[in-house]
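Keep in mind it's a predicted model, so treat the numbers as computed, not measured.
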Amino acid sequence: MMTLKEQLLSFPPYDEREKKDIQAFLQLLDAFGDNVWTRDNHIGHISSSSWVINKEHTKILMAYHNIYKNYAWLGGHADGEKDLLQVAIQEAREESGIKNVRPILNHFFDVCAMFVGPHIKRGEFISSHIHYNVTYLLEADESDPLHIAVEENSDVKWISFDDVLSTAKEPHMLPIYQRLLEKTKKILFL
């Protein structure tokens with residue numbers, strides 16, 4: 001299995017932003033080594049997300065995030081786990097309740113470095129930092145019952161491709177969602 005650094009070096013960036021985010025990710029790995037796999041690194045750490053589409057390839061599964069107060073794709077911290085595909089699948093299941101989920105690609109499908117502003121989580125202050133995130137393209141059964149993960153979100157729902165951009169209440173998320181949608185359509189020939 002390739003290391004994360006090898007995967008990043010072989011990953012073809014979709015646009016200039018993704019190219020710069022990959023460079024930042026590689027610099028983080030060079031600077032901190034294994035001290036990026038947990039939240040102990042307060043400058044930045046690794047997270048893994050899932051861009052979950054339905055079997056008809058018309059909707060994205062999103063959750064209303066309690067901290068950010070808007071809909072977001074599913075995902076979370078690596079927390080020491082280096083199999084980031086498994087992290088993405090586990091987070092998708094935990095945050096939404098879906099059971100029948102499978103990767104469309106066995107490698108990640110997007111890379112981004114995302115700013116996380118200061119906030120309170122479980123009564124603890126969390127300072128600003130960067131999530132160095134990889135996203136996997138997954139497919140799930142829309143008929144699976146959904147549930148809210150109370151500590152993480154207050155709603156989970158399938159959102160049509162056409163409506164995803166309107167969920168981006170944080171301006172820095174709009175270009176990321178645009179890129180994810182474009183890549184999805186290109187990969188699936190939509």
Side-chain angles (χ1 to χ4, degrees), residues 1-52 60 62-63 65 67-68 70-92 94-95 103-122 124-138 152 164-165 168-184 186-187:
M1 186 168 140
M2 290 196 314
T3 67
L4 178 56
K5 186 172 183 176
E6 291 168 335
Q7 291 175 65
L8 289 165
L9 287 168
S10 67
F11 185 76
Y14 185 75
D15 56 18
E16 188 65 20
R17 180 180 178 144
E18 190 168 41
K19 179 180 178 182
K20 296 291 186 184
D21 284 349
I22 290 169
Q23 291 170 351
F25 212 134
L26 291 167
Q27 288 175 345
L28 179 86
L29 292 171
D30 287 343
F32 294 103
D34 275 349
N35 190 25
V36 295
W37 290 95
T38 69
R39 296 177 228 198
D40 292 338
N41 187 321
H42 299 286
I43 294 168
H45 40 262
I46 297 172
S47 60
S48 182
S49 297
S50 50
W51 188 248
V52 182
I60 306 295
M62 300 183 93
H65 202 284
I67 292 172
Y68 306 115
N70 63 264
Y71 283 92
W73 76 113
L74 308 171
H77 297 92
D79 287 334
E81 175 59 54
K82 292 188 178 181
D83 185 341
L84 295 176
L85 174 57
Q86 287 309 307
V87 172
I89 291 170
Q90 177 182 328
E91 290 289 334
E94 288 175 3
E95 291 182 3
I104 292 176
L105 305 170
N106 287 321
H107 52 82
F108 44 79
F109 140 86
D110 194 76
V111 177
C112 64
M114 298 178 294
F115 172 76
V116 178
H119 59 277
I120 305 292
K121 187 165 185 176
R122 296 183 186 108
E124 181 183 339
F125 177 78
I126 310 295
S127 64
S128 299
H129 59 281
I130 305 291
H131 279 177
Y132 292 86
N133 188 72
V134 297
T135 299
Y136 291 87
L137 182 61
L138 306 178
E152 301 287 333
V164 167
L165 297 181
K169 303 298 183 217
E170 296 176 295
H172 69 278
M173 295 306 294
L174 186 59
I176 295 170
Y177 287 166
Q178 286 173 322
R179 185 175 71 218
L180 289 168
L181 283 168
E182 287 172 12
K183 288 170 115 176
T184 302
K186 186 175 180 181
I187 287 171

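With sequence neighbours excluded, no residue satisfies side-chain hydrogen bond (donor to acceptor under 3.5 Å, both in side chains) with Gln178. For Glu94, the side-chain contact (heavy atoms from CB on, under 4.5 Å) partners are Gln90, Glu91, not counting sequence neighbours. The salt bridge (charged side-chain N to carboxylate O under 4.0 Å, His left out) search around Asp40 returns none, not counting sequence neighbours. Scanning for ring-ring contact (aromatic ring centres under 6.0 Å, His included) contacts around His77 gives His45, His131, with sequence neighbours left out. Trp51 pairs by the side-chain hydrogen bond (donor to acceptor under 3.5 Å, both in side chains) definition with Thr184, not counting sequence neighbours. Under the rule for a side-chain hydrogen bond (donor to acceptor under 3.5 Å, both in side chains), the partners of Tyr14 that lie at least two apart in sequence or sit in another chain are Glu182. In this structure, the salt bridge (charged side-chain N to carboxylate O under 4.0 Å, His left out) partners of Asp79, at least two apart in sequence or on a different chain, are Arg39. For Ser48, there are no side-chain hydrogen bond (donor to acceptor under 3.5 Å, both in side chains) partners, not counting sequence neighbours.
Between Ile89 and Pro103, the closest side-chain pair of non-hydrogen atoms falls below 4.5 Å.
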What verdict does the salt bridge (Lys or Arg N to Asp or Glu O under 4.0 Å) test give for Asp15 and Lys20, after you've listed the backbone C-alpha separation in whole Å, the side-chain angles of each residue and the deciding distance to 0.1 Å?
CA-CA 9 Å; Asp15 56 18; Lys20 296 291 186 184; over 6 Å; no

Between Asp34 and Lys82, is a side-chain contact (heavy atoms from CB on, under 4.5 Å) present by the stated rule, with each step listed?
CA-CA 10 Å; Asp34 275 349; Lys82 292 188 178 181; 3.0 Å; yes

Evaluation steps, side-chain contact (heavy atoms from CB on, under 4.5 Å), between Ile187 and Leu105:
CA-CA 10 Å; Ile187 287 171; Leu105 305 170; 3.8 Å; yes

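Note that CD1 of Ile130 is 11.0 Å distant from CG of Asn41, once rounded to the nearest 0.5 Å. Expressed to the nearest 0.5 Å, how far NE2 of His42 lies from CD1 of Ile126 amounts to 8.0 Å. Taking CG of Asn35 as the reference point, atom CG of Leu28 lies at 9.0 Å (rounded to 0.5 Å). Taking CG of Leu165 as the reference point, atom OH of Tyr177 lies at 10.0 Å (rounded to 0.5 Å). Between the CG atom of Leu84 and the OG1 atom of Thr135 there is a distance of 10.5 Å, given to the nearest 0.5 Å. Note that CD1 of Ile176 and CG of Leu181 are 12.0 Å apart. Values are rounded to the nearest 0.5 Å.
Within the 3.5 Å criterion, the main-chain N or O of Ala63 finds no donor-acceptor partner in the side chain of His65. Side-chain atoms of Glu81 come within 3.5 Å of backbone atoms of Asp83 as a donor-acceptor pair (strictly under, hydrogens ignored).
In this structure, Ala92 and Val52 approach most closely via the heavy-atom pair CB-CG2, 4.2 Å. Gly80 and Thr38 get closest at one heavy-atom pair: N-CG2, 3.8 Å. Of all the heavy atoms in Gly75 and Glu95, the pair that sits closest is O-OE2, 2.6 Å. Summarising the geometry of Ser50 relative to Trp73, their closest heavy-atom pair is O-CD1, 3.3 Å, with the distance given to 0.1 Å.
For residues 16-41, the ring-ring contact (aromatic ring centres under 6.0 Å, His included) pairs, not counting sequence neighbours, are Phe25-Tyr132.
Under the side-chain contact (heavy atoms from CB on, under 4.5 Å) rule, Ser47 has a single partner from Val134, Val87, Asn133, which is Asn133.
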Could you give the side-chain donor-acceptor pairs of residues 1-10 under 3.5 Å, partners two or more places apart or in another chain?
from	atom 1	to	atom 2	distance (Å)
Thr3	OG1	Glu6	N	3.1
Thr3	OG1	Glu6	OE1	3.4
Lys5	NZ	Asp30	OD1	2.7
Glu6	OE1	Thr3	N	2.8
Gln7	NE2	Met2	O	3.2
Ser10	OG	Glu6	O	3.2
Ser10	OG	Gln7	O	3.2

Pairs of donor and acceptor atoms involving the side chains of residues 106-121, under 3.5 Å and at least two apart or interchain, shall be tabulated with distances.
from	atom 1	to	atom 2	distance (Å)
Asp110	OD1	Arg179	NE	2.7
Asp110	OD1	Arg179	NH2	3.3
Asp110	OD1	Lys183	NZ	2.9
Asp110	OD2	Arg179	NH2	2.9
His119	ND1	Gly117	O	2.8

